[in-house]
Amino acid sequence: MSIEVREMLYEGKAKQVFATTDPAIVMVHYKDDATAGDGEKKGTIRDKGIVNNKLSNALMQKLEKEGVPTHFVKELNDRDTLVKKVDIVPLEVIIRNVAAGHFSLRMGVAEGTPFKQPILEFSYKNDDLHDPFINHYYALALDLATQTEIDTITEYAFKVNEVLRAILLDANIRLIDFKLEFGRLPDGTIILADEISPDTCRFWDAATGAHLDKDLFRRDMGGEADAYQEVMRRLLG
Ligand code: UDP
């Protein structure tokens with residue numbers, strides 16, 4: 001039985017989500033639109049949607065093989081992918097290996113300083129509140145997730161870090177930090193959702209330290225479209 005695409009359910013900053021004839025499956029369409037600084041800066045990154053779609057799908061399939069369940073179902077074309085429909089857990093789960101971005105600002109630690117061990121942090125996924133930094137007690141108190149869910153999410157997030165770090169290092173890329181989102185299937189199972197891409201990760205060239213991610217756009221450094229292509233070329237050939 002083939003799945004047909006139906007109405008758009010949701011449009012976000014970088015993606016559109018469509019219903020399908022299968023109630024358990026939605027289709028994600030990746031756009032070239034980019035925002036930064038809490039939506040203050042808007043623009044496009046040429047063919048970003050293609051890179052993020054293909055890269056995220058390839059990485060999720062590798063993670064599945066390593067025991068991390070994901071929403072990935074089937075890549076339809078350059079920009080469209082079928083994924084399992086989930087309820088998104090309203091947490092942004094960030095893993096950091098090296099100081100950068102908001103961590104450096106908040107903690108006064110220079111960008112590029114490696115950590116003794118990876119850091120996991122949570123933000124409450126809420127645009128109106130600008131995704132405030134929280135800890136797991138907030139998540140439990142506000143019923144954003146259960147302790148069991150937080151344990152599962154934590155285990156998967158560190159596993160994702162180990163798997164991604166190895167894959168990227170083979171491509172001469174350092175994984176500085178990244179953000180994950182998880183979802184619940186109707187039976188309560190936690191799976192990895194959203195995307196893994198240069199929009200949601202910091203990638204630095206292992207030799208030169210050059211940024212190969214959305215910081216080029218965020219910081220008006222230029223060359224972001226080429227950097228996205230370079231990451232895709234190194235990881236997918
Ligand atoms: N990140 C993201 N979406 C967000 C916030 C952060 O994908 O809304 C990613 C970001 O690309 C980086 C990591 O999470 O790889 C850590 O980001 P940080 O907290 O340093 O915030 P930023 O400086 O990126 O705003």
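Note that the structure is predicted; figures quoted are calculated from it, not measured. In each ligand, atom 1 is the first atom listed, and ligand 1 is the first ligand listed.
Here Asp213 has no heavy atoms under 4.0 Å from ligand 1, in either its backbone or its side chain. Here Cys201 has backbone heavy atoms under 4.0 Å from ligand 1, and that is the only part of it that gets that close.
In this structure, Arg106 satisfies the cation-pi test against Phe133, with its NZ or CZ atom closer than 6.0 Å to the six-membered ring centre and inside 45 degrees of the ring normal.
The residue from Lys214, Glu111, Arg219, Lys179 that puts a heavy atom closest to atom 7 (O) of ligand 1 is Lys179. With Glu92, Lys13, His102 as candidates, the residue nearest to atom 8 (O) of ligand 1 on a non-hydrogen basis is Glu92. Relative to atom 10 (C) of ligand 1, the option among His130, Glu121, Arg218 with the closest non-hydrogen atom is Arg218.
A side-chain contact (heavy atoms from CB on, under 4.5 Å) with Ile191 is found for one member of Glu64, Arg184, Met60, Lys84 and no other, namely Lys84. Of the residues Asp32, Asp199, Asp33, the one that meets the salt bridge (Lys or Arg N to Asp or Glu O under 4.0 Å) test with Lys48 is Asp199.
Short contacts between ligand 1 and Arg202, defined as distances under 4.0 Å to a heavy atom of the residue, involve ligand atoms 12 (C), 15 (O), 16 (C), 17 (O), 18 (P), 20 (O), 22 (P), 23 (O), 24 (O). Less than 4.0 angstrom separates some heavy atom of Gly101 from each of these atoms of ligand 1: 20 (O), 23 (O). Counting atoms of ligand 1 from 1 in the listed order, those under 4.0 Å from a heavy atom of Asp199 are 7 (O), 11 (O). The atoms of ligand 1 that sit less than 4.0 Å from any heavy atom of Phe178 are 14 (O), 15 (O).
In this structure, the protein non-hydrogen atom closest to atom 18 (P) of ligand 1 is Arg96 NH2, 3.4 Å. Looking only at protein heavy atoms, the nearest one to atom 15 (O) of ligand 1 is Asp177 OD1, 2.6 Å.
The shortest separation from a heavy atom of Leu105 to ligand 1 is not under 4.0 Å, leaving the residue out of contact.
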Could you pull out every donor-acceptor pair under 3.5 Å between side chains of residues 155-168 and any protein atom, sequence neighbours left out?
unit_1: Asn161; atom_1: OD1; unit_2: Asn97; atom_2: ND2; d: 2.9
unit_1: Asn161; atom_1: ND2; unit_2: Asn97; atom_2: OD1; d: 2.9
unit_1: Arg165; atom_1: NH1; unit_2: Asn97; atom_2: OD1; d: 2.8

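Using a 4.5 Å heavy-atom cutoff, the side chains of Val83 and Val26 are in contact.
Taking the six-membered ring for Trp and the full ring otherwise, the centers of Phe203 and Tyr228 sit at least 6.0 Å from each other.
The pair Arg234-Asp205 counts as a salt bridge, with a side-chain nitrogen and a carboxylate oxygen less than 4.0 angstrom apart.
We find the SG-CG distance between Cys201 and Asp215 to be 11.5 Å, quoted to the nearest 0.5 Å.
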